[in-house]
Amino acid sequence: MQEYRFSEIESKWQHYWDEHGTFRAENGSKKPKFYALVEFPYPSGHGMHVGHIKAYSSLEVVSRKRRLQGYNVLFPIGFDAYGLPTENTAIKTGVHPRQVTDENIKKFTSQLKRVGFSFDWSRVVDTTEEDYYKWTQWIFLQMFEHGLVFRDKTSVNYCPSCKVVLSNEDSQGGKCDVCHSEIVQKEKEVWYLRITEYADRLLQGLETVDYLPNIKLQQQNWIGKSTGAFVNFKIAEQDEELRIYTTRPDTLYGVTFMVMAPEHPMIEKYRAQIANMDALDAYRAECAKKTEFERTQLVKDKTGVRIEGLTAINPLTGKQIPIYVADYVMMGYGTGAIMAVPAHDTRDYEFAKKFGIDIIEVIKGGDISKEAYTGDGEMVNSGELNGITNKKDAIEKVLKVLAAKGCGEAGVQYKMKDWAFNRQRYWGEPIPLVHCPHCGIVAVPYEELPLRLPPVENYEPGTDGESPLAKVESFVKCKCPKCGGDARRETDTMPQWAGSSWYFLRYCDPHNPDALASMDALKYWLPVDWYNGGMEHVTRHMIYSRFWHKFLYDIGAVPTDEPYAKRTAQGLILGSDGEKMSKSKGNVVDPNDVVDQYGADVLRLYVLFMGDYEKAAPWSDSSVKGCKRFVDRIWALQDMVIDGDSYRPAVQTVMHKTIRKVTEDIESLKFNTAIAQMMTLVNELYATGGINKAELRTLLILLYPFAPHITSEIFEQQGFGILSDAQWVEYDPALCVESEVEIVVQLCGKIKAKIMIPQGADEAKAVEIAMADPKVQEALAGKTVRKQIYVQNKLLNFVAN
RNA sequence: GCUGCUGUGGCGAAAUUGGCAGACGCAAGAGACUUAAAAUCUCUCGGUGGAUACACCGUACCGGUUCAAGUCCGGUCAGCAGCACCA
């Protein structure tokens with residue numbers, strides 16, 4: 001046997017697959033289709049991370065297996081290449097982001113190829129290429145035409161370091177997602193996509209798809225649907241109504257004050273009529289200074305100021321109620337104002353205690369002198385609601401009363417907000433809209449797409465939150481497509497999430513010049529059968545892309561309502577210190593190093609063998625060696641090959657068991673146990689002193705999805721042909737069990753003996769054999785068996801005393 | 001604070017979903033081969049006692065259900081993740 005020179009063998013097979021187009025997916029093939037999708041990478045300058053390898057390895061294994069099972073598999077890859085790090089490199093070095101991107105993509109491509117992933121390289125997409133972002137802009141314009149794009153001046157999340165407006169999703173926890181600086185609030189005109197219009201459908205759609213339960217749950221929480229009521233409170237001093245949203249209309253009799261958000265428009269409207277406007281202005285200025293983080297996290301104490309000159313009237317009791325301004329009420333949720341029921345809401349309770357406001361109990365069951373009671377109970381002090389004992393009935397009743405008086409109705413609210421859809425950055429898709437002094441906002445005509453990024457001298461954004469594009473007169477100045485007069489282009493670009501919201505559609509038909517993809521191709525491939533990626537993308541990327549997809553479905557551009565039939569997520573690879581890998585900690589593992597030292601097959605095996613695929617696991621250099629040893633033992637099997645075209649009796653059971661376990665475990669992401677079973681098989685083969693041709697052939701096929709290079713090489717050398725053309729192997733369930741099995745004999749649940757009985761023996765037979773065993777006889781001596789439990793092929797338990 | 005998940009050897013983990021706890025791998029120890037080391041091969045490897053057979057204990061902690069609990073139920077503690085004044 002020759003030496004195992006993995007780098008030669010691996011590059012030989014990578015070239016073979018490339019030249020033969022082994023992994024090309026065929027549109028419209030008669031074979032059953034399987035569309036496996038992994039999250040395309042952002043091509044950063046640092047190259048790939050072992051985390052990428054783990055993320056792609058699962059569906060890589062599934063894809064290779066499915067091809068051997070006769071499927072037409074689409075397993076594509078691409079690059080989500082717009083984004084800040086590339087632009088920041090450009091700012092630092094002056095190199096054009098296009099060039100930076102191209103270099104990074106080249107680097108990623110070579111790394112991916114070295115690992116031997118079976119991607120269809122003829123379908124690569126790059127979100128920054130003209131014939132791709134043309135269609136991103138096209139979708140945006142379709143949304144614009146359908147009223148899903150709007151402009152609004154609101155307080156936005158602004159990162160002072162990146163000088164950019166961020167969506168809520170990009171500024172979770174009050175920190176910028178990219179540079180982790182504190183986010184501040186800033187008034188700005190921004191573009192929004194009306195994703196809230198799809199909130200209910202995004203929620204309902206979850207019932208029709210096969211996502212892991214925790215993924216569904218996170219999406220549900222993100223959408224955050226609540227049901228309740230809108231109630232209008234008349235203002236005593238003015239001909240005006242204050243509209244509020246509440247989930248507890250049943251507590252309406254317990255309202256003792258109202259609260260408006262500091263930004264509530266009614267404050268400005270009645271500026272002249274409010275007696276203490278100075279105090280209010282001072283308070284509001286203080287709130288505006290606070291970052292979102294301070295406002296929601298640090299401040300435990302309730303603050304606020306009463307509005308003097310405006311009083312609300314409880315629509316049910318006619319009682320006058322004071323109104324406060326307080327920053328514990330947010331303008332962005334509900335109506336920006338609430339009715340406060342301190343007896344039954346913990347926040348209102350704190351506020352009332354601090355400001356000495358009345359607390360009126362309307363639900364019995366708690367002790368409101370100590371804390372708010374949020375549970376269920378009998379209604380009291382509540383007029384017509386008195387005596388009702390459950391929340392549901394009380395709400396039903398109060399809604400009827402409100403409807404009769406015309407001052408309120410049932411309603412739903414979502415936590416999810418509309419999607420702030422622009423960045424003041426260069427390296428993104430230009431927003432194809434024009435500001436015309438006569439016609440207003442006008443869409444760039446479809447024929448003019450793509451609207452290209454112009455060259456700029458300086459990629460640095462303006463300090464006032466303006467895009468670098470604003471400085472390019474030749475880009476900004478244009479003619480209005482409607483009236484032909486002088487107009488100005490929108491200079492903001494789209495956020496990074498735009499291109500990734502539809503990339504899986506382009507894969508189906510990546511070179512189509514006339515549509516984002518042909519309907520035929522989409523009908524053939526959609527939905528994506530299995531999508532794997534990180535947990536960090538299940539609320540943002542996945543909700544955005546589901547939203548776009550549903551919109552495209554509504555306008556007839558795609559054939560399915562939901563894009564992804566199934567979604568799973570891999571766990572992180574931690575550094576060997578158990579911490580998250582990061583450059584600053586110096587615990588990052590470069591996949592190239594592993595490939596250099598041990599080969600791609602070892603890397604692939606290790607990332608799947610290291611633990612539960614869905615859980616985080618620390619990297620261990622020495623454990624990688626275990627996989628290396630396994631691969632070496634596979635290579636060494638070539639010296640032990642004997643003739644034989646069927647499994648030898650001594651290993652027949654373990655062969656069938658292994659086929660079954662590997663076949664099943666791959667489908668349920670249990671790669672670690674699939675590999676363990678193959679190791680067990682190899683150990684047993686070594687113990688028999690050899691392996692015959694039939695056994696070797698089967699073993700190579702089972703191992704091929706994990707370690708395709710070494711298995712392809714041995715397969716060829718043994719004269720079995722080209723492994724990627726082979727068929728997956730079958731098992732016989734009847735042969736997965738030995739003819740004799742060991743069972744445990746227990747006395748009252750304690751193990752007393754182990755006996756061999758024929759496989760599938762009935763209870764009488766098992767008892768007969770057990771009774772003949774001296775240890776069993778000893779254990780049962782002098783005892784009366786009152787009951788016996790027999791589990792076939794497992795155990796026999798005597799209950800005796 | 002709310003929601004969800006997880007707690008098993010020195011380490012990464014298995015356990016057909018209530019039926020032999022610790023498969024497989026790493027690390028460690030002993031032996032073989034070697035001038036030697038590496039590599040490879042063989043054996044040991046949860047704890048306590050015992051020379052061995054073996055016995056007892058053991059899946060975060062306390063309690064319960066059951067012939068039988070890592071698995072189910074109730075409570076406690078710890079860790080992780082997501083959301084976070086959502087009215």
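As the structure is a prediction and not an experimental result, all values here were calculated from the model. Proteins come first, then strands; the chains are lettered A, B, ... in the order of their sequence lines, and each starts at number 1.
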**Student:** Tyr328(A) and Thr303(A): side chain to side chain donor-acceptor pair (under 3.5 Å), yes or no, with the steps?
**Tutor:** CA-CA 8 Å; Tyr328(A) 80 91; Thr303(A) 60; over 6 Å; no
**Student:** What do the steps show when you test Trp419(A) against Tyr544(A) for ring-ring contact (aromatic ring centres under 6.0 Å, His included), and what is the final call?
**Tutor:** CA-CA 9 Å; Trp419(A) 177 7; Tyr544(A) 294 152; 3.6 Å; yes
**Student:** At less than 4.0 Å, is any side-chain N or O atom of Lys670(A) found next to OP1 or OP2 of A15(B)? Yes or no.
**Tutor:**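 Result: yes.
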**Student:** Would you indicate what Gln677(A) reaches in the nucleic acid, counting non-hydrogen atoms under 4.0 angstrom: base, sugar-phosphate, or nothing?
**Tutor:** nothing
**Student:** Looking at Ala55(A), is its backbone amide N or carbonyl O close enough to the side chain of Asn532(A) to form a donor-acceptor pair, meaning the two atoms are under 3.5 Å apart?
**Tutor:** yes
**Student:** Between Lys580(A) (NZ) and G82(B) (P), how many Å, whole number?
**Tutor:**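 Rounded to whole Å, this separation is 7 Å.
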**Student:** Looking at every strand, decide which applies to Asn797(A) at a 4.0 Å heavy-atom threshold: base, sugar-phosphate, or nothing.
**Tutor:**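 Base, at least one base heavy atom under 4.0 Å.
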**Student:** Taking RNA chain B as the partner, which of residues 731-738 of chain A come within under 4.0 angstrom of it by heavy atom?
**Tutor:**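 Going residue by residue through residues 731-738 of chain A, none turns out to have a heavy atom under 4.0 Å of RNA chain B.
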**Student:** Base, sugar-phosphate or nothing for Leu795(A)? Non-hydrogen atoms, less than 4.0 Å.
**Tutor:** base
**Student:** Check whether any side-chain N or O of Asn683(A) sits under 4.0 Å from OP1 or OP2 of G25(B), and answer yes or no.
**Tutor:** yes
**Student:** Quick one: label Phe798(A) by what it contacts on the DNA or RNA (base, sugar-phosphate, nothing), any heavy atom closer than 4.0 Å.
**Tutor:** nothing
**Student:** Can you confirm if the aromatic rings of Phe351(A) and Tyr324(A) lie within a centre distance of less than 6.0 Å?
**Tutor:**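 Between Tyr324(A) and Phe351(A), the centre distance is under 6.0 Å.
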**Student:** How does RNA chain B look in dot-bracket notation if pairs are Watson-Crick or G-U with both distances under 3.5 Å, crossing ones as [ ], other-strand ones as |?
**Tutor:** (((((((..(((......[....))).(((((.......))))).((((....))))..(((((..]....))))))))))))....
**Student:** Quick check against the 3.5 Å criterion: does Arg604(A) have a side-chain atom that pairs as donor or acceptor with the backbone of Pro705(A)?
**Tutor:** yes
**Student:** Taking OP1 and OP2 of A87(B), is either one under 4.0 Å from a side-chain nitrogen or oxygen of Tyr333(A)?
**Tutor:**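 True: Tyr333(A) side-chain N/O within range (under 4.0 Å) of A87(B) OP1/OP2.
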**Student:** Quick check on U16(B): is either OP1 or OP2 less than 4.0 Å from any side-chain nitrogen or oxygen of Arg660(A)?
**Tutor:**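 Negative; the distance criterion is not met.
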**Student:** At less than 4.0 Å, is any side-chain N or O atom of Thr346(A) found next to OP1 or OP2 of C85(B)? Yes or no.
**Tutor:**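 So the side chain of Thr346(A) is outside the cut-off, no N or O lying under 4.0 Å from OP1 or OP2 of C85(B).
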**Student:** Classify the side chain of Lys754(A) versus the base of C20(B) as yes if they form a donor-acceptor pair under 3.5 Å and no if they do not.
**Tutor:**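 Flag set: donor-acceptor pair detected.
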**Student:** Distance to the ring centre below 6.0 angstrom and angle to the axis at most 45 degrees; does that hold for Arg633(A) and Tyr686(A)?
**Tutor:**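 Here Arg633(A) passes the 6.0 Å and 45° test against Tyr686(A).
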**Student:** Side chain to side chain contact (heavy atoms under 4.5 Å, CB included) with Phe706(A): which residues, sequence neighbours excluded?
**Tutor:**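 Val61(A), Leu605(A), Leu608(A), Val662(A), Ile666(A), Phe671(A), Ala674(A), Ile675(A), Met678(A), Leu703(A).
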**Student:** Using the P atom on both, measure G29(B) against C80(B) and round to a whole Å.
**Tutor:** 33 Å
**Student:** Closest to the Gln746(A) side chain: G19(B), C85(B), A14(B)?
**Tutor:**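 Of all the options, the side chain of Gln746(A) is nearest to G19(B).
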**Student:** Using OP1 and OP2 only, check whether a side-chain N or O of Arg629(A) sits under 4.0 Å from C26(B).
**Tutor:** yes
**Student:** For Leu217(A), answer base if it contacts any base atom (sugar-phosphate contacts may also be present), sugar-phosphate if it contacts only those atoms, and nothing otherwise; contact means non-hydrogen atoms under 4.0 Å.
**Tutor:** sugar-phosphate
**Student:** Between Asn672(A) and A14(B), is there a side-chain N or O to OP1/OP2 distance below 4.0 Å?
**Tutor:**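 Answer yes for this pair, as a side-chain N or O of Asn672(A) is under 4.0 Å from OP1 or OP2.
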**Student:** Does any N or O donor sit under 3.5 Å from an N or O acceptor when you compare the side chain of Lys625(A) with the base of C26(B)?
**Tutor:** no
**Student:** Nearest heavy atom decides the nucleotide; on that basis, is Tyr613(A) or Asp345(A) closer to the 5' end of RNA chain B?
**Tutor:**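 That would be Tyr613(A).
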**Student:** If you find the nucleotide of RNA chain B closest to Pro618(A) and the one closest to Thr246(A), which residue's nucleotide is nearer the 5' end?
**Tutor:** Pro618(A)
